[in-house]
Protein chains: 2
Amino acid sequence: MDDGKVPSAEGFALREVLDLVGDKWALAVLAQLSGGPRRFSELERALTGVSRRILSLTLRRLERNSLVMRTVYPEVPPRVEYEMTPHARELDAPLCALLAWASKHRAKVAEGRRAYDLANA
Amino acid sequence: MDDGKVPSAEGFALREVLDLVGDKWALAVLAQLSGGPRRFSELERALTGVSRRILSLTLRRLERNSLVMRTVYPEVPPRVEYEMTPHARELDAPLCALLAWASKHRAKVAEGRRAYDLANA
DNA sequence: CTGAATCCGCGCGGATACTG
DNA sequence: CAGTATCCGCGCGGATTCAG
């Protein structure tokens, strides 16, 4: 069904995936949630650099795309937990494949970039 | 070496990959190039909707990140060919994994989105 | 044919302040 | 604790025009 190459039309299908997890903090959030359910403030602490608002928006969008489940516990003080959906869990493998690629080529890419920038000084 | 989950810190590493191919048209371009070298105008025709400028910028950025090789043939009229680098070829597999996920969950995600939007009308 | 230059609008992300 | 509301700057992408 597939020859191992990425057919032309599928380039667009791949973009759909990026539109799901392409937010600046989406992958970092999912990485956190892959370790189990997390509270809002836990995520906020773990992801140094993210603002409350952006974290909120990111979670909302992930929830909208069925990648994250939001559970509110009616207590005082309020408690809200986020966890990955089964759909999102199946993303782990593909993502790890990308991760492997990254760790293998990160250095080369960085060096190539330096060379490129140097050539076009 | 890895437990199948995505460790927290690696969320940021994954973002680096997205920064490489996260351009709106980058994946579509790579998909085209995975079928072999292509000329600028060929890409322009294949990717309906992209402007010359954006295509040019996209290619330049891919080239900077060592994902695309640019070859100029000193002829009249000028001819320029783009092709994937070995690094980029190794991205095919991870990308196909993502593609598989997409085709498997596309419908569910879309439906979930409708439900979400409906609930928050 | 293959770009580069300019202009412009929109969306995303960050900072800050307020609320149930 | 877990958000929402408002403002704002910047970068990306699109349209158009000019050039080697």
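Residue numbers begin at 1 in each chain, while the letters A, B, ... track the order of the sequences.
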Q. Going by an N to O cut-off under 4.0 Å, is there a salt bridge joining A/Glu44 and A/Arg39?
A. no

Q | Non-hydrogen atoms of B/His87 and A/Trp101 that approach each other most closely | A | O-NE1, 3.0 Å

Q) First and last nucleotide of DNA chain D in contact with chain A, 5' to 3', at under 4.0 Å to a heavy atom: what are they? A) D/dC1 to D/dT6

Q) Under the side-chain hydrogen bond (donor to acceptor under 3.5 Å, both in side chains) test, which residues partner A/Lys108, sequence neighbours left out? A) none

Q | Residue A/Glu42 excluded, over 12 heavy atoms near CD under 6.0 Å | A | yes

**Q.** A/Ala26 versus A/Val21, closest heavy-atom pair with distance
**A.** CB-O, 3.6 Å

Q. With sugar-phosphate meaning primed atoms plus P, OP1 and OP2, does B/Tyr82 contact a base, only sugar-phosphate, or nothing at under 4.0 Å between heavy atoms?
A. sugar-phosphate

**Q.** Proximity to DNA chain C (any heavy atom under 4.0 Å), residues of residues 37-65 of chain B only
**A.** B/Arg39, B/Phe40, B/Ser41, B/Arg52, B/Arg53, B/Ser56, B/Arg60

(Q) For a quick test of reading the model, state the closest non-hydrogen atom pair linking B/Val29 to B/Thr58 and the distance between them. (A) CG2-CG2, 4.2 Å

Q: Sequence neighbours left out, what pairs pass side-chain hydrogen bond (donor to acceptor under 3.5 Å, both in side chains) with at least one residue falling in residues 15-30 of chain A?
A: A/Arg15-A/Asp19, A/Glu16-B/Arg106, A/Asp23-A/Arg61

Q. side-chain hydrogen bond (donor to acceptor under 3.5 Å, both in side chains) with B/Asp117: which residues, sequence neighbours excluded?
A. A/Arg64

Q | cation_pi(B/Arg38, B/Tyr82) dist<6.0 Å, angle<=45 | A | no

Q) Does B/Glu81 pair with B/Arg79 as a salt bridge, N-O distance under 4.0 Å? A) yes

Q.
Rounding to 10°, can you tell me the angle the first-five-pair axis of the helix from C/dC1-D/dG20 to C/dG20-D/dC1 makes with its last-five-pair axis?
A. 50°

